[in-house]
Amino acid sequence: MSSHENIPRLGWLLALLLTLSSSGQAADPAASLRFITENSPPYNYVDNDQLTGSSVEILEEMFRRIGSRKRRKDIELHPWARGYRTVLNEPNTVLFSTRRSPDREDLFRWVGPVATAPVVLMARKKRNFEVQQLSDLNGLSVVAVGSDMGELMLNTYKVPNNIRQTVSHPDIAARMLIFGRIDLWSYGQRTALWLLKQQGAQPQDFEPVWSFGSAGDLYFAFHRDTPDSILLLFQSALDTLKAEQREDGRSVYDAILRSYVE
């Protein structure tokens, strides 16, 4: 979205803040909301006993822009299943980062996307693989994490079993790619780059050579009874982050995303 396209939303945001101010609610428009997340790097995870991640930082910036006193210390960390049930059943709750998919569309109300989540085949740049079609994978080896979206994509696109390996944890797949025991890794692009970095590799040494496309972009999922005014407030704050340009030419939003993989 360009800065010009964002102007109407910014106008709505300012009007809404003025309305809240006149009704005595401007002290903290997010005060009644519970924000819930899980461990899912690089979007939201715990590092040195502190909640961090790109989605956490983005939400904190959104809090500032709507005039909320909430910060990351106010975000609850729960196992995914518990958080999902909570936001399904309890008003004034928000779960992130949540894949928006057709089967979930009417279960929640959505603000985002907070991140795109393409599933790709990741390779070492120096291998110079050219994958123009999936038949080009013949003779190469591919690893995926069992029951992960990356494995589902291999199944959906009928990548032959005889060139595939399955592992139980993404850290294993990352090390296999780093040490050349596998040619390609089918996984979410941003998470793969983050994990490669955590394993001591340089993310710039790797590249996606094929994309299966997004398996559902990541959003903030609000309880389905959340008022339009709250959704508009948070969507406008997120759109503002995407429009604001820093001195280096990147938006505030893009700079946060890139800081976790560069």
Side-chain angles (χ1 to χ4, degrees), residues 1 6 8-21 23-40 42-45 51-117 190 214-243 252-253 256-257:
M1 176 179 292
N6 202 51
R9 282 195 178 276
L10 293 177
W12 272 104
L13 175 59
L14 292 173
L16 182 57
L17 287 172
L18 289 173
T19 301
L20 291 174
S21 178
S23 63
Q25 299 178 37
D28 193 338
S32 64
L33 297 174
R34 289 174 59 198
F35 290 83
I36 300 169
T37 193
E38 62 158 346
N39 266 304
S40 182
Y43 308 106
N44 18 266
Y45 63 101
L51 188 62
T52 188
S54 58
S55 294
V56 171
E57 285 199 32
I58 288 167
L59 179 58
E60 200 167 49
E61 290 294 329
M62 292 164 68
F63 285 151
R64 292 189 178 96
R65 281 158 176 74
I66 67 172
S68 173
R69 292 189 295 272
K70 285 187 182 290
R71 295 295 182 264
R72 68 183 67 195
K73 64 181 176 58
D74 302 304
I75 300 169
E76 301 175 28
L77 183 71
H78 294 304
W80 175 257
R82 183 192 305 172
Y84 192 85
R85 287 195 304 270
T86 299
V87 180
L88 271 178
N89 297 308
E90 296 184 19
N92 299 317
T93 53
V94 187
L95 180 66
F96 72 98
S97 302
T98 309
R99 288 188 184 273
R100 185 174 183 175
S101 57
D103 58 312
R104 294 175 175 172
E105 183 65 31
D106 296 330
L107 299 178
F108 306 100
R109 304 200 71 187
W110 305 93
V111 167
V114 67
T116 56
R190 289 189 183 278
S214 174
D217 287 345
L218 301 179
Y219 281 71
F220 296 101
F222 286 67
H223 184 271
R224 58 183 170 272
D225 290 340
T226 303
D228 289 345
S229 58
I230 293 295
L231 297 172
L232 176 60
L233 189 65
F234 278 91
Q235 186 66 60
S236 296
L238 179 58
D239 291 345
T240 299
L241 290 178
K242 293 180 178 182
V252 175
Y253 167 85
I256 292 173
L257 290 181

Who are the ring pair (Phe, Tyr, Trp, His ring centres under 6.0 Å) partners of Tyr45, not counting sequence neighbours?
-> Trp194

Any donor-acceptor pair under 3.5 Å linking the side chain of Asn44 with the backbone of Glu38?
-> yes

Is there a side-chain contact (heavy atoms from CB on, under 4.5 Å) between Val111 and Tyr219 once you walk through the steps?
-> CA-CA 6 Å; Val111 167; Tyr219 281 71; 5.7 Å; no

Name all residues meeting the ring pair (Phe, Tyr, Trp, His ring centres under 6.0 Å) criterion together with Phe63; count only those two or more places apart in sequence or in a different chain, and write none if there are none.
-> Phe35

Are the side chain of Asn89 and the backbone N or O of Thr86 linked by a donor-acceptor pair below 3.5 Å?
-> no

Check for a donor-acceptor pair, side chain of Tyr43 on one end and backbone N or O of Val56 on the other, with a separation under 3.5 Å.
-> no

Could I get the full list of side-chain contact (heavy atoms from CB on, under 4.5 Å) partners for Glu61, not counting sequence neighbours?
-> Arg64, Arg65, Leu241, Ile256

Salt bridge (charged side-chain N to carboxylate O under 4.0 Å, His left out) contacts touching residues 80-97 (sequence neighbours left out) | Arg34-Glu90

Nearest 0.5 Å, what's the CD1-CD1 distance between Ile66 and Ile230?
-> 7.0 Å

Euclidean distance, Phe220 CZ relative to Ser97 OG, rounded to 0.5 Å | 6.0 Å

How close do Asp28 and Ser68 get, heavy atom to heavy atom, and via which atoms?
-> OD1-OG, 2.7 Å

Which class fits the ring pair Trp110 and Phe108: parallel under 30°, tilted 30 to 60°, perpendicular over 60°?
-> perpendicular

Considering the options Leu218, Val114, Leu59, Ile58, which one meets the side chain to side chain contact (heavy atoms under 4.5 Å, CB included) requirement together with Phe96?
-> Leu59

Would you say Asn92 and His223 make side-chain contact, with heavy atoms under 4.5 Å?
-> no

Looking at Leu107 and Asp103, what are the two nearest heavy atoms and their distance?
-> CD1-O, 3.8 Å

Short side-chain to backbone donor-acceptor contact, Arg224 and Leu88, under 3.5 Å = yes

Minimum-distance pair of heavy atoms, taken over all atoms of Gly83 and Ile36 = CA-CG2, 3.8 Å

Please, which pairs that meet salt bridge (charged side-chain N to carboxylate O under 4.0 Å, His left out) have at least one residue in residues 104-114, sequence neighbours excluded?
-> Arg100-Glu105, Arg109-Asp228

Taking all atoms of both residues into account, what is the closest heavy-atom pair of Leu238 and Pro113, and its distance?
-> CD2-O, 3.6 Å

Side-chain donor/acceptor of Lys70 to backbone N/O of Leu33, under 3.5 Å = yes

Given the rule in the side-chain hydrogen bond (donor to acceptor under 3.5 Å, both in side chains) test, do Thr116 and Asp217 qualify, once you have shown the distances and angles that lead to the verdict?
-> CA-CA 5 Å; Thr116 56; Asp217 287 345; 5.2 Å; no

Measuring from Arg99:CZ to Ser40:OG, what's the distance to the nearest 0.5 Å?
-> 8.0 Å

Please identify each residue that fulfils ring pair (Phe, Tyr, Trp, His ring centres under 6.0 Å) with Phe222, with sequence neighbours left out.
-> Phe234

Shortest non-hydrogen contact from Leu51 toward Leu77 = CD1-CD1, 4.2 Å

Do Ser236 and Met62 touch side chain to side chain, with heavy atoms closer than 4.5 Å?
-> no

